[in-house]
Chemist: 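Below are the structure tokens for one structure; questions will follow.
Below, read A as the first sequence line, B as the second, and so on, with proteins coming before strands; counting in each chain starts at 1.
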Amino acid sequence: MSQELDPRYDHNAIEDSIYKKWEKSGFFNPDNLPFGKSKEQRAKSKAKKSKKQPAISSTPFAIIMPPPNANGSLHLGHAVFVTLQDLMIRYARMKGKKALWLPGADHAGFETQVVFNKKLEKEGKNWFTMDREALYRAIWEFTQENKKIMEGQLRKLGASCDWSREKFTLDPDIVKIVYNTFERLYKDGLVVRDEALVNWCPKHQTSLSDLEIKDEERAEPFYYFYYGPFTIGTSRPETKFGDKYVVMHPDDPRYKEYKDGEQLHLEWINGPITATILKDNAVDMDFGSGVMTITPWHDPVDFEMASRRGLDKEQVIDEYGKLLPIAGEFTGMKITEARLKIVEKLRSKGLLARIDENYKHVVRTCYKCNTTIEPQIKKQWFVRVNKEVGSGKWEANKSLAGMAIEAAKSGKIKFFPAHAKKIYLHWLLNIRDWNISRQIVWGIRIPAWFCATCSEPKVNITPHAKWFFVRHASTDWNEDVRSIGQADPPLSEQGRAEAKRMAENFKGNNVDLIITSDLKRARQTAEMIAEVTGAEIIVDRKLRERHLGITQGMPKTERNKLYGDLLYSYDGTPPGGESFKDVEERVWTSFKQYRALYRKKNVVIITHGGPIRMILKQIKQWDMTQMLANEAGASGVIQLDVADPCKTCKSDLFEQDPDVFDTWFSSGQWPFATLMTGKKKDLSTFYPTNVMETGHDILFFWVARMIMLGLYRMKEVPFHTVYLHGLVRDKDRQKMSKSKGNVIDPLGMASEYGTDAVRMALTVGNMPGQDSTISEDKIRGYRNFATKVWNIARFVLMHRNETESSKFKVQISKLRPALTATDKKFLKEAKRIKAEVGRHIEKFEFHLAAEKAYHYIWHTFADKIIEHYKPALKVLMPISPSPEPTASQASSPTPIKVSARALQKGIVAQHVLQSILEDSLTMLHPFMPFLTEAIHEKIASEELLIVKQW
RNA sequence: GCGUCCUUAGCUCAGUGGUAGAGCGUUUGCAUGACACGCAAAAGGUCGGAGGUUCGAUCCCUCCAGGACGCACCA
């Protein structure tokens, strides 16, 4: 079957079919590997094993793939990890190991929601204009699409991962494990709900962890103001409204006449105030004037001091970055606008001492949108990474961070590059509590509930039923902002669409019963929900909206002008209508009856804004102000879960925390979560995994978290080796970015030059922890190498003359007596190089391994060895008068006479070359899998190169 | 402020206690029965600076200079 090969390797014609062949073979799954058999099977075959067969072993070798974010397509960074991990896996597989590479995808919470938001913004929307369920569903679709594309791209890059074990971070079984970890941490006191200063992004309306903020150096004016007898310095005048403590260092001689606790009256932004003097070590005598006022709600240092000393904390800036009423005339202004006006006012009052215009300081910004972070005090869930766990627990007197430190110090986890260990330790030694709550929709919802009545948090409750409160969809009257009350307009066109969307949200919620107000707008909404859920409907006129008497039908503005006071007080009754009190009694009585009747049923109550608020007022024990402030039910759905009564207040209604986990909290559990939910015995076979290969940029985000959580749950490190690759830059060492237009798309390059060329280009020159460069020239260079290898094979196979070979029954071992010293030297050298390449791979020196193989194959094998044998091979080539010898002529007996000796020499040469070719293909396969497999196919079609013994 | 890394050929980077390496680029030859995506050659470097250890330093140590990056609550 000496087939003529084309003079060019056509990767496009070959790659897909080769990948399919691999996938079909099942060898990506370690359970199917021919040498990864069970002990019994091995024992059986051992008896008849010949010497030639390489030693077989079923030592496991596992790499968990860093799950790419399912919010875009693969870029060069992904191509790097695919290349490096795939080469390790392929090498391990060829070394006879039970090699598992477990693929997955990450929902990537905040990142994905931000990416999706950009899409929405293009359509003039944003994530705040969508209700929770609809947004979640839309992002779900989005990620599933991306995931599919990514899977195709991974295949294109030649990833030999086990698709049968693929996982997504939102798979229900994974989520279950994440919940379980959270509950355990909570029980151990390592997860707490705490009021603390968090990094708040005013644009995205969520808190962020310390890692999700970026420091940005900015030049901003630094102001000095007279504050009573003192001069205080600040870069943030807009926070100074609530400041009533003035602080200085106890040892500062300039202020030694003042005593801690002393009060003084002074003139400030909006009038006279009383301030208290504090002496505290937190103040730096050398900075500014050595005196400062504090804003505990919006500054970490101040917060720490205020908490330590029990001082008052007041919010000055709201969640959107606007000033609150405490700011008086500045209320509602944005920070930047207010700042200048406040300075102006202070100047006019003669309180401005001076301005330092050249002040440079570091401002913390959201790492996604660059918005200045506004620290806010919030109740959030924190992982207490420094809290020691008592003896008897998983590890006596060690914190999560402490365990992770120990694992690196003891050498249980090794780092490539070695210095990454220092960086890792430095970070862990300075780590602070980890905020894991995010106020976004896309992610794993935190499995914590709050008692609907007393707000007490509960973790690990099992709801027996769900009660939903739904406000009817819109009517024309709603759209016209008319006062409706018990008037009875039907749903508008838009309202019907809304109701339909709402109904979709109930799919999969197992709704048993719908109870609705009898007014048309509620009933029609109910019918549409019933259509989707198939639930029975109970119509109850007691759930009607408040009767608004003579104001019904008026435009709301007019109504409020005339009857506002009556309408918004508890027992104010508009002529001919009802008071809030009346509604509350009517609705609450009715609600209580239904609660008693349908304890364990999932119920949807469809009613109106007023009744919903009155029911919530009762459950949550609100006063009128709280009730009126609440927009509950104005849009969306309110869900209350029924569970065992709260121990504190006996209420059995709970609200689930709307927050979701920081995505790293779930991906931090990836190594054990994927194996726990995999095939039987996967966890015991493959955990701890061998290598974690990822980018150095997520050493803290991900690697450190995996180590902490892995140790916590498994009492064992998640992996033995951490290999961190660097960033790939362009040939001018520039970071690739869309705006610079220097982005190299790995898949585009792969289709132009072949995947193998891209992989080689990414391997050579890629040192751990060191940024590497890539350029189209470099890729082209390795495409040329692929052609070279192809032509080596073409040359060797061209001289494989079936007829002559079979005549001599040639096998290299049989030819041994005919081998010259040079032949033997060449054969030995190939084996030696192959071994060295392997050793480099084992030492994580992939760049050296790839270069060595490249260099040997091109400059030794092709340039020296082949040239050496050319004369001897002449006899195998038919000498033909025609300039283009055809395949049929090549395989026909030679027409001229040659001596038997020369013929044998030729055949020996051919076999030496083929043997070296096979070694070359083997050593090159982890780097250039498609090309080598394609050539191997021509030599030995019955066996796949991926499972050929190294 | 704390921490990490880098500085070797025109470019991008390997490397070693004993005479300096690769790829790309450059120059000069080659249509040579596998390959011009090729072959054969050549030019090109006081290994950032200063000191130290050593028989000997590009390599180990110290300092300095330049560059990149990470972490950090200075109002």
Chemist: With under 30° as parallel and over 60° as perpendicular, where do the rings of Phe222(A) and Tyr224(A) fit, or are they tilted in between?
Modeler: perpendicular
Chemist: On a whole-Å scale, what distance lies between the C1' atoms belonging to U12(B) and G25(B)?
Modeler: 11 Å
Chemist: Report the base-pairing partner of U16(B) (Watson-Crick or G-U wobble, both distances below 3.5 angstrom), or none.
Modeler: none
Chemist: Roughly how far apart, to the nearest Å, are G18(B) and C61(B) at atom P?
Modeler: 16 Å
Chemist: Using the P atom as the point on both nucleotides, what is the distance between G66(B) and G10(B), in whole Å?
Modeler: 23 Å
Chemist: Does NZ or CZ of Lys864(A) lie under 6.0 Å from the centre of the six-membered ring of Phe826(A), at an angle within 45° of the ring axis?
Modeler: no
Chemist: By nearest atom, which of the nucleotides A14(B), A22(B), C71(B) is closest to the His855(A) side chain?
Modeler: A22(B)
Chemist: For the P atoms, the ones on C39(B) and on C24(B), what distance do you get once it is rounded to whole angstrom?
Modeler: 10 Å
Chemist: Is a donor-acceptor contact shorter than 3.5 angstrom present between the side chain of Glu867(A) and the base of A40(B)?
Modeler: no
Chemist: Applying a 4.0 Å non-hydrogen cut-off, can you work out what Gly288(A) is touching in the nucleic acid: base, sugar-phosphate, or nothing?
Modeler: nothing
Chemist: Respond yes when some side-chain nitrogen or oxygen of Arg432(A) is under 4.0 Å from OP1 or OP2 of A72(B), and no when none is.
Modeler: no
Chemist: So what does His426(A) touch, heavy atoms closer than 4.0 Å: a base, only the sugar-phosphate, or nothing?
Modeler: base
Chemist: Given His361(A), which of Glu217(A), Arg218(A), Glu216(A), Glu220(A) fulfils the side chain to side chain donor-acceptor pair (under 3.5 Å) condition?
Modeler: Glu220(A)
Chemist: Tell me the partner of G10(B), counting only Watson-Crick (N1-N3 plus N6-O4 or O6-N4) or G-U wobble (N1-O2 and O6-N3) with both under 3.5 Å; none if nothing fits.
Modeler: C24(B)
Chemist: Closest to the Leu848(A) side chain: C37(B), A75(B), A14(B)?
Modeler: A14(B)
Chemist: Using atom P of each nucleotide, how far apart are U46(B) and C5(B) to the nearest Å?
Modeler: 28 Å
Chemist: Starting at atom CZ of Phe287(A), determine the distance to atom P of A75(B), rounded to an integer number of angstrom.
Modeler: 5 Å
Chemist: To the nearest angstrom, how far is Leu727(A) atom CG from U4(B) atom P?
Modeler: 21 Å
Chemist: Taking any strand in view, what nucleotide pairs with A68(B) in a Watson-Crick or G-U wobble way, both distances under 3.5 Å?
Modeler: U4(B)
Chemist: Considering non-hydrogen atoms only, spot the tightest contact between Tyr226(A) and Leu352(A) and give its length.
Modeler: CE1-O, 4.0 Å
Chemist: Think Tyr359(A) has a side-chain N or O under 4.0 angstrom from the OP1 or OP2 of A75(B)?
Modeler: yes
Chemist: Examine the base of A34(B) for any acceptor or donor lying under 3.5 Å from a partner atom in the side chain of Lys870(A), and report the outcome as yes or no.
Modeler: yes
Chemist: Measuring only the P atom in each nucleotide, how far is A9(B) from G23(B)? A whole number of Å is fine.
Modeler: 16 Å
Chemist: Under 4.0 angstrom, heavy atoms only, what part of the nucleic acid is Asp286(A) near: base, sugar-phosphate, or nothing?
Modeler: nothing
Chemist: What's the closest nucleotide to the side chain of Asn784(A) if the choices are G23(B), C6(B), G38(B)?
Modeler: G38(B)
Chemist: So Ile423(A), base contact, sugar-phosphate only, or nothing? Heavy-atom distance under 4.0 Å.
Modeler: sugar-phosphate
Chemist: Give one of base, sugar-phosphate or nothing for Ala786(A), where a contact means two heavy atoms less than 4.0 Å apart.
Modeler: nothing
Chemist: May I ask you to verify if any side-chain N or O of His696(A) is less than 4.0 angstrom from the OP1 or OP2 atom of U4(B)?
Modeler: no
Chemist: Which residue, Ala282(A) or Met767(A), contacts RNA chain B at a nucleotide closer to its 5' end, judged by nearest heavy atom?
Modeler: Met767(A)
Chemist: Check every atom of G23(B), C39(B), A75(B) against the side chain of Asp299(A) and return the nucleotide holding the closest atom.
Modeler: A75(B)
Chemist: Please state how far atom NZ in Lys778(A) lies from atom C1' in G25(B), giving the value in whole angstrom units.
Modeler: 15 Å
Chemist: With a 4.0 Å cutoff (strictly under), does any side-chain N or O of His361(A) reach OP1 or OP2 of C74(B)?
Modeler: no
Chemist: Looking only at side-chain atoms of His847(A), point me to the closest of C71(B), A14(B), A34(B).
Modeler: A14(B)
Chemist: If you check every side-chain atom of Val283(A), which of G15(B), A75(B), A72(B) has the closest atom?
Modeler: A75(B)
Chemist: Between the base of C37(B) and the side chain of Arg783(A), is there any donor-acceptor pair under 3.5 Å?
Modeler: yes
Chemist: Between A40(B) atom P and Trp858(A) atom CH2, what is the distance in whole Å?
Modeler: 10 Å
Chemist: Return the value, rounded to whole Å, for the distance between atom CZ of Arg236(A) and atom P of C74(B).
Modeler: 14 Å
Chemist: For C64(B) versus U4(B), give the span between their P atoms, rounded off to a whole number of Å.
Modeler: 15 Å
Chemist: Look at Lys240(A) and A75(B) and indicate whether a side-chain polar atom (N or O) is within less than 4.0 Å of OP1 or OP2.
Modeler: no
Chemist: Regarding Arg759(A) and the six-membered ring of Phe927(A), is the cationic atom NZ or CZ under 6.0 Å from the ring centre and inside 45° of its axis?
Modeler: no
Chemist: Starting at CG of Asp771(A) and ending at P of C69(B), how long is that distance when rounded to a whole Å?
Modeler: 9 Å
Chemist: Hey, can you tell me if Phe287(A) and Tyr359(A) have their rings parallel, tilted or perpendicular (30° and 60° cut-offs)?
Modeler: perpendicular
Chemist: Pairing check on G51(B): which nucleotide meets the Watson-Crick or G-U wobble criteria with it, both distances under 3.5 Å?
Modeler: C61(B)
Chemist: Sort out the partner of U32(B) for me: Watson-Crick or G-U wobble, both distances under 3.5 Å, none otherwise.
Modeler: none
Chemist: Look at Lys852(A) together with Glu845(A) and state whether they make a salt bridge at an N to O cut-off of under 4.0 Å.
Modeler: no
Chemist: Between A75(B), C73(B), A14(B), which nucleotide gets closest to the side-chain atoms of Glu851(A)?
Modeler: A14(B)
Chemist: Which part of the nucleic acid, if any, lies within reach of Asp284(A) when heavy atoms closer than 4.0 Å are counted: base, sugar-phosphate only, or nothing?
Modeler: base
Chemist: Roughly how many Å is it from CG in Asn791(A) to C1' in C39(B), rounded to a whole number?
Modeler: 13 Å
Chemist: Taking the minimum atom-to-atom distance to the side chain of Ser235(A), which one of A34(B), C73(B), A75(B) wins?
Modeler: A75(B)
Chemist: Base, sugar-phosphate, or nothing for His859(A), non-hydrogen atoms under 4.0 angstrom?
Modeler: sugar-phosphate
Chemist: I need the CG-P distance between Leu873(A) and G33(B), as an integer number of Å.
Modeler: 14 Å
Chemist: Quick one: on RNA chain B, does Phe700(A) or Arg780(A) contact a more 5' nucleotide (nearest heavy atom)?
Modeler: Arg780(A)
Chemist: Can a salt bridge be assigned to the pair Glu867(A) and Lys870(A) using a cut-off of 4.0 Å between side-chain N and carboxylate O?
Modeler: yes
Chemist: What interatomic distance, in whole Å, is found between C1' of G44(B) and the corresponding atom of U8(B)?
Modeler: 13 Å
Chemist: Assert yes or no for the condition that the ring centre distance of Phe230(A) to Tyr255(A) is strictly below 6.0 Å.
Modeler: yes
